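As structure tokens, the structure follows; a few thoughts come after it.
FYI, the numbering just counts along the sequence from 1. Predicted, not measured: the structure shown is a model, and the values here were computed from it.
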Amino acid sequence: MNNKEMKEMEKLKKAQAFHKSKNYFWILILVLTVIYVVDELASNVRGTVDSYTICDLFNTTFGTREYDMASGQIGLITTACYLIYLVAPFYKSLADKYGRRIFLIINTIGMGVGMLLSIISHNVTLYLVGLVIMTFFTPNDMQVIYIMECAPKEHRAKLCSITKGIALLSVSLLGVMVNAFVDRNNPASWRKVYIIPIILAFVIGILAIFFVKETPTYTQKRLEYLSASEEERKAAEQKEKEAAKEEQKKSGGVIDAFKYIFTNKQTRAIAVVAVLFAFSTGYTGKYQNMIEAGIANNVLSGADSSTILMIYPLVNGVFTLIGGFITDALGRKKSALILGLWAALGLAGFAYACTSGMNAYLAAFCFGISIAGLWSISDMIYFVITSESTPTEKRASVVGTMQLMGMVGTGLNMVFNSVMTMIAGATNLPKVLTLAYLPLMTIALVIMMLKVKETKDVDLDNVEL
């Protein structure tokens, strides 16, 4: 064992002792919850001030032809930025080699750096650099891995649900900040909305350096490795390589996963539903533009906009929690119908509010319940139903491939939104997007009801569908 490894072992032993301290777990949960909040704020802040950002960077006004072209062009460029997700799996895998803690800290501070670059930008290029950095660091969710590896197994799901719920509810703070900081006569004021999330990202990232230690699971595994002899290490590494090859041979990788998905009736139907719903998520990135269209069409006011932005996250958080109970209680198909109806009817109500007017609280309820249903049914399709419809030896590959197909659907809807903005104009987005996405949701639900078998009580070790 060299000096570097001896120092690492000493550090890990201190972390192991710290894990047993009286208040460590609750301090950890508090820090992880705030990190989850920062993650959600960073994920949603751009969409909350999207129209103001475009008006400022392109020196234009909402509803003009110049705005429509600028919005469409930046949307297409942003879609290309999402190619950075291709690097994400390799980045995430580094946490298995170097530990969870360093990446928890890097991800949190990285989100702050991305947001900071965005607000100091006075040109589109630097803004997009900040956006790419935010896009890269926000989906990694290292805080979830921390909870899974630090919490007692009987409390893991509960703590994940609670911390996620708090994070979803915190998005309402963006509405408060828009109301407090944004001046409609000064588009550049959108930058102020980023300030508190940036401060939170840097402060909690620095605090994590002092108050968060490596997870017990990784600590134990790494200590075992460092304590082993050179021969034992080589034998363990060889065993892991052989196990990985055997697992790869069984699962067959992406190509075999595609073959399985499209040759099996159950997974083929699920794939069609997954892609349709992935494409239908397009309006979730244009909600602020839809609200602005309502203001431009004189059916909503600036005060209504602030109310919607503050209230819809609360509705989303509550109904996301309710959706989880419904899925476990009623089975997959019945809950899919309920969640899908939430998404469809909520979108119809929200679009009506942006075209014909509606009480702001009711409009916020419609949008909140719509995205709660949409994301809940998406998670169920990609993870739960797909897992329960696939044999053990192919499950990981099929779930991963299904997610990849979902990303393709998401990319397509971003392109569609951008093109439609340039052709139809931002003021017509409520009508255009609703006419596009509602039929897709309806078709997906019909396929779900008629072609997908119930999987609630399936034996995961003996899947036969």
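Surrounding OH of Y352 are at most 12 heavy atoms belonging to other residues, nucleotides or ligands under 6.0 Å away. In this structure, N59 places its CG atom where only 12 or fewer heavy-atom neighbours from other residues, nucleotides or ligands lie under 6.0 Å away.
Put simply, CZ on F277 and CG on L440 are 9.5 Å apart, with the number rounded to the nearest 0.5 Å. Put simply, CG on L117 and CD1 on I133 are 5.0 Å apart, with the number rounded to the nearest 0.5 Å. Rounded to the nearest 0.5 angstrom, I322 CD1 and L339 CG are separated by 10.5 Å. S301 contributes atom OG, which lies 11.0 Å from atom CD1 of I291 (distance to the nearest 0.5 angstrom). The distance from atom CG of L104 to atom CD1 of I35, rounded to the nearest 0.5 Å, is 4.0 Å. Note that CD1 of I270 and CE of M405 are 10.5 Å apart. Values are rounded to the nearest 0.5 Å.
Exactly one of I119, V182, V49, I120 qualifies for a side-chain contact (heavy atoms from CB on, under 4.5 Å) with R191. That residue is I119. Tested against N316 for a side-chain contact (heavy atoms from CB on, under 4.5 Å), the candidates I311, I371, L169 yield a single pass: I371.
Residues A201 and M115 come closest through the heavy atom pair CB-CE, 4.3 Å. Residues A348 and L438 approach most closely at CB-CD1, 4.0 Å, considering heavy atoms. Considering all non-hydrogen atoms of both residues, P430 and A351 come closest at O-CB, 3.8 Å. When every heavy atom of A444 is checked against every heavy atom of V273, the shortest pair comes out as O-CG2, 3.6 Å. Between D68 and G63, the shortest heavy-atom contact is OD2-O, 4.4 Å. Closest of all the heavy-atom pairs between P197 and L174 is CG-CD2, 4.5 Å.
Taking L173 as the reference, S170, M177 meet the side chain to side chain contact (heavy atoms under 4.5 Å, CB included) condition, with sequence neighbours excluded. Partners of R100 under the salt bridge (charged side-chain N to carboxylate O under 4.0 Å, His left out) rule, at least two apart in sequence or in another chain, are D96, E149. Here E292 pairs with R184 under the salt bridge (charged side-chain N to carboxylate O under 4.0 Å, His left out) rule; sequence neighbours left out. Remark: D50 engages no residue in a salt bridge (charged side-chain N to carboxylate O under 4.0 Å, His left out) (not counting sequence neighbours).
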Query - side chain to side chain contact (heavy atoms under 4.5 Å, CB included) evaluation trace for I385 with M448 - result: CA-CA 11 Å; I385 297 181; M448 186 78 185; 3.0 Å; yes

Query raised in the report: Would V124 and Q73 count as a side chain to side chain contact (heavy atoms under 4.5 Å, CB included) if you check the C-alpha gap in whole Å, the side-chain angles of each, and the deciding distance to 0.1 Å?
Result: CA-CA 11 Å; V124 177; Q73 289 165 6; over 6 Å; no

Query raised in the report: Would Q288 and Y52 satisfy side chain to side chain contact (heavy atoms under 4.5 Å, CB included), going step by step from the backbone distance to the final call?
Result: CA-CA 10 Å; Q288 197 262 338; Y52 304 113; 3.4 Å; yes

Query raised in the report: Would L128 and I74 satisfy side chain to side chain contact (heavy atoms under 4.5 Å, CB included), going step by step from the backbone distance to the final call?
Result: CA-CA 9 Å; L128 288 173; I74 203 168; 4.3 Å; yes

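In this structure, the side chains of T284 and W375 come closer than 4.5 Å at one or more pairs of heavy atoms. Contact check for L300 versus S305: no side-chain heavy atoms found under the 4.5 Å cut-off. The shortest distance between side-chain heavy atoms of K213 and T219 does not fall below 4.5 Å. M422 has its side chain within reach of L76: a pair of non-hydrogen atoms, C-beta onward, lies under 4.5 Å apart. The shortest distance between side-chain heavy atoms of I377 and L445 falls below 4.5 Å. Under the 4.5 Å side-chain criterion, counting only non-hydrogen atoms from C-beta, Y194 is in contact with R46. Considering only heavy atoms from C-beta on, T78 comes within 4.5 Å of M414 through its side chain. W26 places none of its side-chain heavy atoms less than 4.5 Å from the side chain of L30.
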Which pairs of donor and acceptor atoms, one on a side chain in residues 357-364, lie under 3.5 Å apart (sequence neighbours left out)?
residue, atom, partner, partner atom, Å
N359, OD1, Y361, N, 2.9
N359, OD1, L362, N, 3.2

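Not one N or O on the side chain of N179 forms a donor-acceptor pair closer than 3.5 Å with the backbone of V176. No side-chain donor-acceptor contact under 3.5 Å links T138 to the backbone of S43. Between the N417 side chain and the G282 main chain, a donor and an acceptor come within less than 3.5 Å of each other. Side chain of T386 to backbone of I381: a donor-acceptor contact under 3.5 angstrom is found. Of the possible polar contacts, one joining the N413 side chain to the A278 backbone as a donor-acceptor pair under 3.5 Å is found. Not a single donor-acceptor pair under 3.5 Å links the side chain of S71 to the backbone N or O of Y67. The closest donor-acceptor contact from the side chain of N297 to the backbone of A293 lies under 3.5 Å. Distance alone, capped at 3.5 Å, places no donor-acceptor pair between the E40 side chain and the L168 backbone. Not a single donor-acceptor pair under 3.5 Å links the side chain of S376 to the backbone N or O of G373.
In summary, the aromatic rings of F365 and F319 are positioned with their centroids under 6.0 Å apart.
Y437 and Y283 have tilted rings, their planes meeting at an angle from 30° to 60° on a 0 to 90° scale. Classified by interplanar angle (parallel below 30°, tilted 30° to 60°, perpendicular above 60°), the ring pair F350/F367 is tilted.
A ring-ring contact (aromatic ring centres under 6.0 Å, His included) check over residues 99-126, counting only residues at least two apart or in different chains, returns the pairs Y91-F103.
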